[in-house]
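Pasting in a structure now, in structure tokens, and then I'll have a few things to ask.
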Amino acid sequence: MEAAHSVGTYIPHFCYHKKLSIAANCRMCLVEVEKAPKPLPACATPVTDGMKVHTHSDMAKKAQHGVMEFLLINHPLDCPICDQGGECQLQDLAVGYGNSTSRYQEEKRSVVGKDMGPLVSAEEMSRCIHCTRCVRFTEEIGGFREIGMANRGEFSEIMPYLGKTVNSEISGNVIDLCPVGALTSKPFRYSTRAWELSRRKSVSPHDGLGSNLIVQVKNNQVMRVLPLENESINECWLADRDRFSYEGLNSTERLTRPMIKYDNQWHEADWETALKYVVKGLNGVSAEHGKDAIGVLASPHSTTEELYRHRNWRVALV
């Protein structure tokens with residue numbers, strides 16, 4: 001797989017991911033290798049000297065079309081209501097490797113949705129093709145065994161550990177990894193379509209790492225935040241606090257006007273009144289206790305310029 005990619009040859013795949021271990025369970029990447037009696041999975045086949053590989057031969061194409069037919073047998077085909085629509089790997093590959101009609105006439109398998117917490121939706125697990133990307137991510141990258149595959153054969157299901165939810169600080173990455181829309185974003189769910197969003201490159205506001213990210217906007221409102229790949233900083237991952245914190249931008253609980261507290265109650269005020277109130281209070285403290293009695297709580301969300309402007313103040317970082 002990696003050798004083919006290095007020379008610009010595309011091989012269809014689902015379970016393979018450059019940052020995760022090899023699973024070789026989707027079989028979509030079957031290719032023909034000379035002298036091999038049957039097609040081999042490209043992701044799990046090591047390169048050897050003198051090897052001749054055919055990625056678009058009749059044998060390879062027949063194998064890939066056959067795998068796609070099997071993958072679509074139990075898929076609910078609910079693209080019109082799926083949040084992954086428009087950016088779905090299965091949808092894209094079905095166009096190139098799927099048939100226009102299905103020979104399968106029996107009932108489709110149905111899988112009950114799972115509860116994976118407040119951020120990741122697993123309501124439509126019937127879409128799952130068992131690529132195990134999410135399982136490998138939580139263990140290998142997240143460092144916790146929070147998701148696993150239970151049972152075998154047609155009874156296989158991806159689920160969180162019994163009685164638990166996914167609590168990793170980088171759990172949202174399983175949404176990006178899922179190639180079929182079985183795992184989607186709960187805050188983003190049913191809000192808009194991918195092609196309706198405009199995209200802006202940005203940098204993480206919530207950590208000192210400077211993770212690169214993409215802010216997706218519709219009607220001047222931030223609808224979703226995704227990682228922007230940068231191998232030297234955040235690779236292709238993003239922390240949950242950066243992925244989901246955009247919800248605070250338009251929250252009904254967000255303060256949009258200055259507020260002054262008197263008579264034990266908070267009251268809205270205009271900026272001029274609020275600033276005069278602050279100046280009066282600071283001057284009073286300075287006159288009574290001296291200027292050294294004044295300190296500032298600096299937020300990590302503040303810009304470097306804001307913090308530099310108050311460099312002469314006694315600052316306590318929180």
Side-chain angles (χ1 to χ4, degrees), residues 83 115-121 123 165-176 183-228 233-234 237-282 285 294-311 313-318:
D83 269 345
D115 179 16
M116 291 195 181
L119 302 177
V120 180
S121 173
E123 295 296 324
T165 55
V166 181
N167 299 314
S168 167
E169 293 183 0
I170 53 175
S171 65
N173 290 289
V174 300
I175 298 169
D176 300 333
L183 302 178
T184 54
S185 170
K186 274 191 178 178
F188 179 73
R189 191 172 166 82
Y190 298 145
S191 58
T192 186
R193 286 296 196 177
W195 56 82
E196 297 175 330
L197 301 169
S198 59
R199 293 158 175 79
R200 302 291 184 270
K201 295 179 181 179
S202 187
V203 176
S204 160
H206 294 106
D207 61 38
L209 185 64
S211 299
N212 287 204
L213 50 83
I214 297 175
V215 180
Q216 299 189 333
V217 181
K218 179 183 178 182
N219 297 331
N220 294 322
Q221 181 174 337
V222 176
M223 305 298 294
R224 186 168 61 168
V225 174
L226 297 177
L228 176 62
I233 302 179
N234 57 307
W237 316 119
L238 191 62
D240 289 350
R241 59 182 176 271
D242 292 310
R243 183 185 297 271
F244 298 108
S245 61
Y246 71 88
E247 285 200 283
L249 292 173
N250 301 294
S251 171
T252 55
E253 298 179 1
R254 183 182 181 185
L255 291 178
T256 56
R257 292 177 59 85
M259 300 189 75
I260 297 175
K261 189 175 185 179
Y262 57 87
D263 296 334
N264 262 352
Q265 295 290 330
W266 287 102
H267 303 272
E268 285 192 359
D270 56 62
W271 278 105
E272 184 177 358
T273 302
L275 291 173
K276 286 181 178 179
Y277 190 84
V278 171
V279 170
K280 181 180 179 182
L282 290 176
V285 172
I294 299 175
V296 176
L297 295 177
S299 168
H301 297 173
S302 298
T303 63
T304 303
E305 291 79 8
E306 289 172 330
L307 296 176
Y308 179 78
R309 192 181 307 129
H310 299 105
R311 65 192 183 281
W313 291 40
R314 188 172 61 190
V315 176
L317 290 175
V318 294

Inset, instruction - Report yes or no: does Asn250 contribute a side-chain atom to a donor-acceptor pair with the main-chain N or O of Gly248 at less than 3.5 Å? - result: no
Inset, instruction - Look at Arg243 together with Asp176 and state whether they make a salt bridge at an N to O cut-off of under 4.0 Å. - result: yes
Inset, instruction - Taking all heavy atoms of Ala269 and all of Ile260, pick out the closest pair and write down the distance. - result: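 In terms of heavy atoms, the two residues are closest at CB-CD1, 3.8 Å.
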Legend entry - Least distance between heavy atoms, His267 atom then Gln265 atom: CD2-O, 3.2 Å
Inset, instruction - For residues Tyr277 and Lys261, report the shortest heavy-atom separation together with the two atoms involved. - result: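 Closest approach of Tyr277 to Lys261, heavy atoms only: OH-O, 3.4 Å.
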Legend entry - Crowding at CD, Glu169 (>12 non-hydrogen neighbours, <6.0 Å): no
Legend entry - Close side-chain approach of Pro205 and Asp242, heavy atoms under 4.5 Å: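 In short, these two side chains touch, coming nearer than 4.5 Å.
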Legend entry - Smallest separation among heavy atoms of Pro187 and Leu119, with atom names: CD-O, 3.7 Å
Legend entry - Check: Glu123 and Arg189 side chains under 4.5 Å, non-hydrogen atoms: yes
Legend entry - Whether Ser121 side chain and Thr184 backbone form a donor-acceptor pair below 3.5 Å: no
Inset, instruction - Of all the heavy-atom pairs spanning Asn234 and Pro227, show the shortest one and how long it is. - result: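 Taking every non-hydrogen atom into account, ND2-CB, 4.4 Å.
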Legend entry - Main-chain N/O of Leu249 paired to Arg254 side chain as donor or acceptor, under 3.5 Å: yes
Inset, instruction - Drop me the distance from Lys201's NZ to Ile214's CD1, to the nearest 0.5 angstrom. - result: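 Separation between the atoms: 7.5 Å.
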Legend entry - Sub-4.5 Å side-chain heavy-atom contact between Arg224 and Ser185: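 Contact flag for Arg224/Ser185 side chains = no.
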Inset, instruction - Tell me, yes or no, whether the heavy-atom count around Tyr262 atom OH, taken from other residues, nucleotides or ligands under 6.0 Å, exceeds 12. - result: no
Legend entry - Interatomic spacing from CZ in Arg199 to CG in Leu228 - rounded to 0.5 Å: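 The CZ atom of Arg199 sits 12.0 Å away from the CG atom of Leu228.
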Legend entry - Point-to-point distance, once rounded to the nearest 0.5 Å, from CD1 of Ile175 to CZ of Phe244: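 Here the rounded value is 4.0 Å.
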Legend entry - Min side-chain heavy-atom separation Lys218-Leu197 under 4.5 Å: yes
Inset, instruction - Would you confirm whether Lys186, through its side chain, and Gly117, through its main-chain N or O, come within 3.5 Å as a donor-acceptor pair? - result: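 Present.
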Legend entry - Pairwise distance CD(Gln216) to CD(Gln221) - rounded to 0.5 angstrom: 13.5 Å
Legend entry - Tyr246 side chain near Val225 side chain, heavy-atom distance below 4.5 Å: yes
Legend entry - Reported NE2-to-CG distance for the pair His206 and Leu238, which is rounded to 0.5 angstrom: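 Atom-to-atom, His206:NE2 and Leu238:CG are 10.5 Å apart.
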Legend entry - Minimum heavy-atom distance between Asp240 and Ser171, given as atom pair plus value: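 Minimum heavy-atom separation between Asp240 and Ser171: OD2-OG, 2.7 Å.
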Inset, instruction - State the OG-CG distance between Ser198 and Asn220, to the nearest 0.5 angstrom. - result: 8.5 Å
Legend entry - 4.5 Å side-chain heavy-atom contact, Thr165 and Asp115: yes
